[in-house]
Q: 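Here it is: the structure, laid out below.
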Amino acid sequence: MDKALYLGMSGAKQTMLGQRAHANNLANVSTTGFKKDFAQARSMPVYGEHHPTRAYAMTERPGSDLSAGALMETGRKLDVALEGDGWLAIQNNLGEEVFTRSGSLQVDVNGLMRLADGELVLGNGGPVALPPFENVQIGADGTVSIVPVGGAPDELVEVDRLKLVNPPAGALEKGVDGFMRRKPDQAIDGVEPPDANLRVATGFLESSNVNAVEEMISNLQLSRQYEMQVKVMSTAKENSEAAARLLQNL
């Protein structure tokens, strides 16, 4: 009886973890540049010296769907979306270089370009810092130009270029902060080199690649599976109690 109980418990636990992954995807259906996570479970035999008659469920996180979302036009000069492959390099609050597809940029009071949550946007020479300006433009190649204070409208001065990188998709993984980074076994010496062939669309943002209908259906399916696993545990308990009563009557 205990074997059936542990099998049901194992399956229910991993089903809950799968539900959590799909619920997180659904919660980020409107998050700019979000890449949905896959959820997967497989059977895993028990380790050790024994007869291989039992296999338990084990959840895996095989990775994230890196396909591009749809482009949404905003008309805002500091909104950028990458066209095709590639990532925008930023510096998180721990000082690490990480990658994102979220291109809603802003300039703080010190002239530093940041994401909405405060992460520094990197250029080819470090964080992008702008002197006082009347206007700012971002070119298709990521070049950041400004019209200085007091300058003519057509007097554009190139300040820096957004650091656009394109590491292999198989070398990336998503961290708990939601940003992409290289896997430990795929790390390179130094920082990620920029890719001069990447292009951005100014005045656009990339939407999440989450399909809300698919995520809801997956959660409903997992909910049914969870109910089945709980039923297995309940049946195992009932069988155990019935066996105990029979033994008492012997």
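Values reported hereafter were calculated over all heavy atoms of this structure, with side chains retained and with hydrogens, waters and symmetry mates removed. Values in this document were obtained by computation on a predicted structure and should not be read as measured data.
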Q: Counting only heavy atoms not in Met228 (residues, nucleotides, ligands), do more than 12 fall under 6.0 Å from its CE?
A: no
Q: Provide the closest heavy-atom pair for Trp87 versus Leu82 in the form atom of the first, atom of the second, distance.
A: N-CD2, 3.5 Å
Q: Mind checking the OG-CE spacing from Ser223 to Met16? Nearest 0.5 Å is all I need.
A: 11.0 Å
Q: Can you see which heavy atom on Ser64 is nearest to which on Lys174, and at what distance?
A: OG-CE, 3.7 Å
Q: State, yes or no, whether a side-chain contact exists between Lys77 and Asn135 at a heavy-atom distance under 4.5 Å.
A: yes
Q: Between the side chain of Glu155 and the main-chain N/O of Ala152, is any donor-acceptor distance below 3.5 Å?
A: yes
Q: So, do Val210 and Lys35 sit near enough that their side-chain heavy atoms are less than 4.5 Å apart?
A: no
Q: Calculate, to the nearest 0.5 Å, the distance between atoms NE2 and CE belonging to His22 and Met216 respectively.
A: 13.5 Å
Q: State, to 0.1 Å, how close Arg101 and Ala68 come at their nearest heavy-atom pair, and which atoms those are.
A: NH2-CB, 3.8 Å
Q: Keeping the roles fixed (side chain from Asn28, backbone from Thr31), state whether a donor-acceptor pair exists under 3.5 Å.
A: no
Q: Please check if Val200 and Val107 belong to a single hydrophobic cluster, counting links between Ile, Leu, Val, Met, Phe, Trp and Tyr side chain heavy atoms closer than 4.5 Å.
A: yes
Q: In the structure I gave you, are the side-chain heavy atoms of Glu97 and Leu122 within less than 4.5 Å of one another anywhere?
A: yes
Q: So do Asn25 and Phe34 actually touch side chain to side chain, heavy atoms under 4.5 Å?
A: yes
Q: Apply side chain to side chain contact (heavy atoms under 4.5 Å, CB included) to Leu130 and Met113, showing your working.
A: CA-CA 8 Å; Leu130 305 181; Met113 187 170 285; 4.1 Å; yes
Q: If you count heavy atoms of other groups shown closer than 6.0 angstrom to OH of Tyr226, is the number above 12?
A: no
Q: Taking the side chain from Arg114 and the backbone from Asp108, do they hold a donor-acceptor pair closer than 3.5 Å?
A: no
Q: Rounded to the nearest 0.5 Å, how far does CD of Glu119 lie from CZ of Phe179?
A: 3.5 Å
Q: Do the side chain of Arg76 and the main chain of Thr202 share a donor and acceptor less than 3.5 angstrom apart?
A: no
Q: Please test Leu172 against Phe99 for side chain to side chain contact (heavy atoms under 4.5 Å, CB included), starting from the C-alpha separation and ending with a verdict.
A: CA-CA 9 Å; Leu172 297 176; Phe99 316 125; 4.0 Å; yes
Q: Between atom CG of Asn219 and atom CD of Glu215, what is the distance when rounded to the nearest 0.5 Å?
A: 7.5 Å
Q: Any donor and acceptor pair, going by atom type alone, linking the side chain of Thr15 with main-chain N or O of Gly11 inside 3.5 Å?
A: yes
Q: Check Asp141 with Arg199, please: is the shortest side-chain N to carboxylate O separation under 4.0 Å?
A: no
Q: Looking at Asp85, I'd like to know if its CG atom is crowded, meaning that more than 12 non-hydrogen atoms belonging to other residues, nucleotides or ligands lie closer than 6.0 Å.
A: no
Q: Is Leu88 close to Leu105 at the side-chain level, that is, under 4.5 Å between some pair of heavy atoms?
A: yes
Q: Side-chain heavy atoms under 4.5 angstrom apart, residues restricted to Ile, Leu, Val, Met, Phe, Trp, Tyr: same cluster for Leu78 and Leu162?
A: yes
Q: Whether the side chain of Asn209 engages the backbone of Asp65 through a donor-acceptor N/O pair (distance < 3.5 Å, no angle test) should be reported.
A: yes
Q: Decide whether Met180 and Leu115 are clustered together by the hydrophobic rule: side chain heavy atoms of Ile, Leu, Val, Met, Phe, Trp, Tyr closer than 4.5 Å, transitively.
A: no
Q: Output, in order, the C-alpha distance, side-chain angles, deciding distance and verdict of side chain to side chain contact (heavy atoms under 4.5 Å, CB included) for Leu71 and Leu205.
A: CA-CA 6 Å; Leu71 296 187; Leu205 289 176; over 6 Å; no
Q: Write out all pairs satisfying side chain to side chain donor-acceptor pair (under 3.5 Å) with one or both partners inside residues 176-192, taking only residues at least two apart or from two chains.
A: Glu96-Arg181, Asp177-Arg181, Arg182-Glu192
Q: Whether the side chain of Ser208 engages the backbone of Gly33 through a donor-acceptor N/O pair (distance < 3.5 Å, no angle test) should be reported.
A: no
Q: Determine whether the side chains of Asn211 and Lys36 contain a donor N or O and an acceptor N or O closer than 3.5 Å.
A: no
Q: Taking the side chain as every heavy atom from C-beta outward, state whether Gln19 and Gln221 have any pair of such atoms under 4.5 Å apart.
A: no
Q: Over all heavy atoms of both residues, which pair between Pro184 and Glu173 is shortest? Give the atoms and the distance, please.
A: CD-OE2, 3.4 Å
Q: Run the numbers on Leu120 and Ile90 for side chain to side chain contact (heavy atoms under 4.5 Å, CB included), then give the verdict.
A: CA-CA 6 Å; Leu120 289 170; Ile90 63 170; over 6 Å; no
Q: Consider only side-chain heavy atoms of I, L, V, M, F, W and Y, link residues closer than 4.5 Å, and tell whether Phe204 and Ile138 are in one cluster.
A: no
Q: Closer than 3.5 angstrom, by distance alone: can the side chain of Thr143 be matched with the main-chain N or O of Gly139 as a donor-acceptor pair?
A: no
Q: If I compare all heavy atoms of Gly8 with all of Val232, which pair ends up nearest, and what's the gap?
A: CA-CG1, 4.2 Å
Q: State, yes or no, whether a side-chain contact exists between Val157 and Ser145 at a heavy-atom distance under 4.5 Å.
A: no
Q: Same cluster for Val230 and Leu222 if Ile/Leu/Val/Met/Phe/Trp/Tyr side chains link at under 4.5 Å?
A: no
Q: Counting N and O atoms only, with roles assigned by atom type, does the side chain of Thr235 sit under 3.5 Å from a partner on the main chain of Lys231, one being a donor and the other an acceptor?
A: yes
Q: Do Pro193 and Ile188 have side-chain heavy atoms sitting under 4.5 Å apart?
A: yes
Q: Restricting to non-hydrogen atoms, name the atom on Ala129 and the atom on Leu112 that form the minimum distance, rounded to 0.1 Å.
A: CB-CD2, 3.8 Å
Q: Any side-chain to backbone donor/acceptor pair from Glu206 onto Gly69? Under 3.5 Å, distance only.
A: yes
